[in-house]
J.: 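What follows is a single structure, and I will ask about it in a moment.
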Amino acid sequence: MSNKEAAAASNFIRQVIDEDLRNGRNDGRVATRFPPEPNGYLHLGHAKSICLNFGIARDYGGTCNLRFDDTNPEKENVDFVEAIKQDVRWLGFDWTDLFFASDYFDRLYGFAEDLIRAGKAYVCDLDAEQMREYRGTLTEAGRDSPYRERSVEENLDLFRRMRAGEFGNGERVLRAKIDMASPNINLRDPTLYRIRRGAVHHQTGEAWPIYPMYDYTHTISDALEGITHSLCTLEFEDHRPLYNWFLDNLDVPAQPRQYEFGRLNLEYTVLSKRKLTELVAEGHVQGWDDPRMPTIAGIRRRGFPPAAVRDFCERIGVTKSDGMVEMALLENSVREELDASAPRAMAVLDPLRVVIDDYPEGRVESVTAANHPKDEGMGSRGIPFTRELYIDRGDFMEVPPNSKFKRLVLGGEVRLRNAYVIRCDRVVRNETGDIVELRCSHDSATLGANPEGRKVKGVIHWVSASHGVPAEVRLYDRLFNIPNPGAAKDRDWRADLNPESLVTVQAVLEPSLAEAPVGSRFQFEREGYFCVDNVDSAPGRPVFNRTITLRDTWAKLAARG
RNA sequence: UGGGCCGUCGCCAAGCGGUAAGGCACCGGGUUUUGAUCCCGGCAUUCGCAGGUUCGAAUCCUGCCGGCCCAGCCA
């Protein structure tokens, strides 16, 4: 990581840590953890949490564990586990220790018996619906379960039989005995264990017929790992009293503190695992790694550099307010990183044939092009220049729309990037009147030199027609047409998917691009940043994904009218 | 409606009783063989609103208003 990233912006959590350090809490230790459930792929929201947790460990010389919160076997699997590990590493982080909450199942069970012995937990026979009725509502207190006052002996016996697999799913649960009248619903005797007989857990197989719930598991896992600062998102604020209840009532080896921050909301996309799962399951995208997805796998395939994602997370900050970040902020981070790191190349996305009539047929000249305008260290390359070329259709207009237009027009001149100034002498059309070819002439004195006595204000890119390499290029755009899909309660969030989020074109690449390695990123000059797709490319036959366009003030001006 | 939390520029966000950082976006202007990059300049007399405390309030107090979260044997 660069020095620029070294100084992370402060935030309220770092202030808490600074204060704790000043007061000598935790013997000066700082220990965090990133606790994903392996039931889906990581997305940009997780990236924020990863940067926060691992970033704090890095900056304070502390530790950060990766811990899979795997207490719901029916929704989790090892593929997600592996994908998550890969995504964390790709973001540039490495964990101190790797754990599974399931590593603690034995100890978790033991703590549950402790709670029972202390009269602080009981086995409840109410079914799910009854339990809901007994729970009360947001404004009315709940009622005690009729099973609440069972003896310790009976509770212990019943719980052991739950563990032994004697009861069916849903027949009984273990609950904490707290307060059915609490205004905080999480404290109304929350479920600690439920029966999931027959489920095959990806780590523990069929060893357990009962599984612990999130709040219980998470708190104890944090304590067992000696986590000092347990960071989670705002929706768990109400759970903090329960988190602390476990710490107060269990003989755990540490007293972690929980702090909550606002989750990331990004315009023109969705960041909920449920919705992302549906996009994949319903075929709206081609998979978790579809380049339109805000998943880590998706943006990786799209070509976002990990440093750009880290920079973005740094810029959005960490607070308790629940905001909506503009896509422009992410795009800025991506462009900034790519501008500095991506070698330049030329590719024509919408080819229009150009014939330079006064350039010798069969002649192939190698013109030299810098790989980066500001970084000579990136070297240069030769590009074949020939009589017949392709330019982009959008770079020619028979009559200019206004005086600001500085591309090629009939009778006008333009600079071919890295090559000659040409003039368009004639337009060739087919039977239906479409322009199929431009006949041009060139000024042989303008290779690496400005023309004498006149100014040529436009520069366009090109590729040799005889040497260019045809390739599939995928132009990606925002996934949704509106900034906040799902915000309107009476409209299905899927209704605002952008049907043009993927447009595939057949482009012509300069020859040097043919052997570009999978994953490599380039700036196609005047177009945008592109990377070699890591799934569909074949040796010598790259497929390019457009990561993002270049900023385009001309398009902005044109749209303005 | 009970509880928890949040309101500082279009967006994100500093600010922690001494008189509104920064980034993004936007608007000019300059450089440029990418309408990119880069550079220079502009962009909150005011901090949700109303009172109060104070020599002094975005910061403290009170009351409103607006937004988010919670009634899984999900996490």
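Worth knowing before you read on, the calculation uses all heavy atoms, side chains too, and leaves out hydrogens, waters and symmetry mates. In what follows, chains are A, B, ... by sequence order, proteins preceding strands, each numbered from 1.
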J.: Starting at CG of A/Leu557 and ending at C1' of B/C27, how long is that distance when rounded to a whole Å?
T.: 12 Å
J.: Rounding to the closest angstrom, what is the interatomic distance between B/G22 and B/G56 at atom C1'?
T.: 26 Å
J.: With rounding to the closest Å, how many angstrom separate the C1' atoms on B/A25 and B/C64?
T.: 34 Å
J.: Does any nucleotide pair with B/C68 by Watson-Crick or G-U wobble geometry, both distances under 3.5 Å, and what is it?
T.: B/G4
J.: Among A/His201, A/Glu37, A/Lys75, exactly one meets side chain to side chain contact (heavy atoms under 4.5 Å, CB included) together with A/Asp70. Which residue is that?
T.: A/His201
J.: Ring centroid separation for A/Phe159 and A/Tyr122, is it under 6.0 angstrom?
T.: no
J.: Where does the angle between the aromatic ring planes of A/His218 and A/Tyr243 fall among parallel (under 30°), tilted (30 to 60°) and perpendicular (over 60°)?
T.: tilted
J.: What do you reckon, are the aromatic ring centroids of A/Tyr214 and A/Phe236 less than 6.0 Å apart?
T.: yes
J.: Rounding to an integer number of Å, can you tell me how far A/Met324 CE sits from B/A13 P?
T.: 12 Å
J.: Please give the distance between the P atoms of B/U19 and B/U53 as a whole number of Å.
T.: 23 Å
J.: Quick one: the side chain of A/Arg415 and the base of B/U33, do they pair up donor-acceptor inside 3.5 Å?
T.: yes
J.: By nearest heavy atom, map A/Ala449 and A/Glu237 onto RNA chain B; which one lands nearer the 5' end?
T.: A/Glu237
J.: Taking the P atom in each of B/C38 and B/C49, what is the distance between them to the nearest angstrom?
T.: 36 Å
J.: Searching all strands shown, indicate the nucleotide that pairs with B/C26 (Watson-Crick or G-U wobble; both distances under 3.5 Å).
T.: B/G42
J.: Could I get a table of every N or O pair under 3.5 Å where one atom is in the protein and the other is in nucleotides 22-25 of chain B?
T.:
{"from": "B/G23", "atom 1": "O2'", "to": "A/Arg315", "atom 2": "NH1", "distance (Å)": "2.7"}
{"from": "B/A25", "atom 1": "OP1", "to": "A/Arg551", "atom 2": "NE", "distance (Å)": "3.3"}
{"from": "B/A25", "atom 1": "OP1", "to": "A/Arg551", "atom 2": "NH2", "distance (Å)": "2.5"}

J.: Is A/Arg240 side chain donor-acceptor paired with the B/G4 base, going by distance under 3.5 Å alone?
T.: no
J.: Which is true for A/Thr319 with a 4.0 Å heavy-atom rule: it touches a base, it touches only sugar-phosphate, or it touches nothing?
T.: sugar-phosphate
J.: If you take the centroid of each ring, where Trp contributes its six-membered ring, are A/Tyr359 and A/Phe385 closer together than 6.0 Å?
T.: yes
J.: Starting at the 5' end of RNA chain B and moving along, which residue's nearest nucleotide shows up first, A/Val325 or A/Gln15?
T.: A/Val325
J.: Please measure how far the P atom in B/C43 lies from the corresponding atom in B/C70, and state the result in whole Å.
T.: 42 Å
J.: Does CD in A/Glu19 sit with more than 12 non-hydrogen atoms of other residues, nucleotides or ligands closer than 6.0 Å?
T.: yes
J.: Checking only heavy atoms, does the side chain of A/Gln523 share a donor-acceptor pair with the base of B/U34 at less than 3.5 Å?
T.: yes
J.: Considering only the C1' atoms, how many Å lie between B/A57 and B/C16, rounded to the nearest integer?
T.: 12 Å
J.: Tell me if the aromatic rings of A/Phe480 and A/Tyr268 count as close, with their centers under 6.0 Å from one another.
T.: no
J.: Look through every strand shown and name the nucleotide pairing with B/U34 as Watson-Crick or G-U wobble, where both distances are under 3.5 Å.
T.: none
J.: Have a look at A/Lys320 and say if it touches a base, only the backbone sugar-phosphate, or nothing, with a 4.0 Å heavy-atom cut-off.
T.: sugar-phosphate
J.: Select base, sugar-phosphate, or nothing to describe what A/Gly448 touches, counting heavy atoms under 4.0 Å on all strands.
T.: base
J.: When every nucleotide of nucleotides 66-75 of chain B is labelled 5' to 3' by its protein contacts under 4.0 Å (heavy atoms), B for base, S for sugar-phosphate only, - for none, what sequence of letters results?
T.: --SBBBSBSB
J.: Please state the P separation for the pair B/G17 and B/A58 - nearest whole angstrom.
T.: 13 Å
J.: Does A/Arg263, at its CZ atom, have more than 12 non-hydrogen atoms belonging to other residues, nucleotides or ligands within less than 6.0 Å?
T.: no
J.: Using atom CH2 of A/Trp462 as one end and atom P of B/U33 as the other, report the distance to the nearest whole Å.
T.: 18 Å
J.: If you look at every strand shown and take non-hydrogen atoms under 4.0 Å, does A/Lys273 touch a base, only sugar-phosphate, or nothing?
T.: nothing
J.: Quick check on side chain to side chain contact (heavy atoms under 4.5 Å, CB included): which of A/Leu158, A/Asn155, A/Leu192 does A/Ile116 satisfy it with?
T.: A/Asn155
J.: May I ask you to decide if the ring planes of A/His46 and A/His43 are parallel, tilted or perpendicular, using 30° and 60° as cut-offs?
T.: tilted
J.: Measuring to OP1 and OP2 of B/C12, would you say a side-chain N or O of A/Ser321 lies under 4.0 angstrom away?
T.: no
J.: Syn or anti: how is B/G72 classified when any glycosidic angle within 90° of 0 counts as syn?
T.: syn
J.: Distance check needed: B/C6 C1' versus A/Arg263 CZ, whole Å only.
T.: 16 Å
J.: Reckon A/Arg344 touches a base, only the sugar-phosphate, or nothing at all at heavy-atom distances under 4.0 Å?
T.: base
J.: Restricting to side-chain hydrogen bond (donor to acceptor under 3.5 Å, both in side chains), what partner residues turn up for A/Arg407, sequence neighbours left out?
T.: A/Asp395
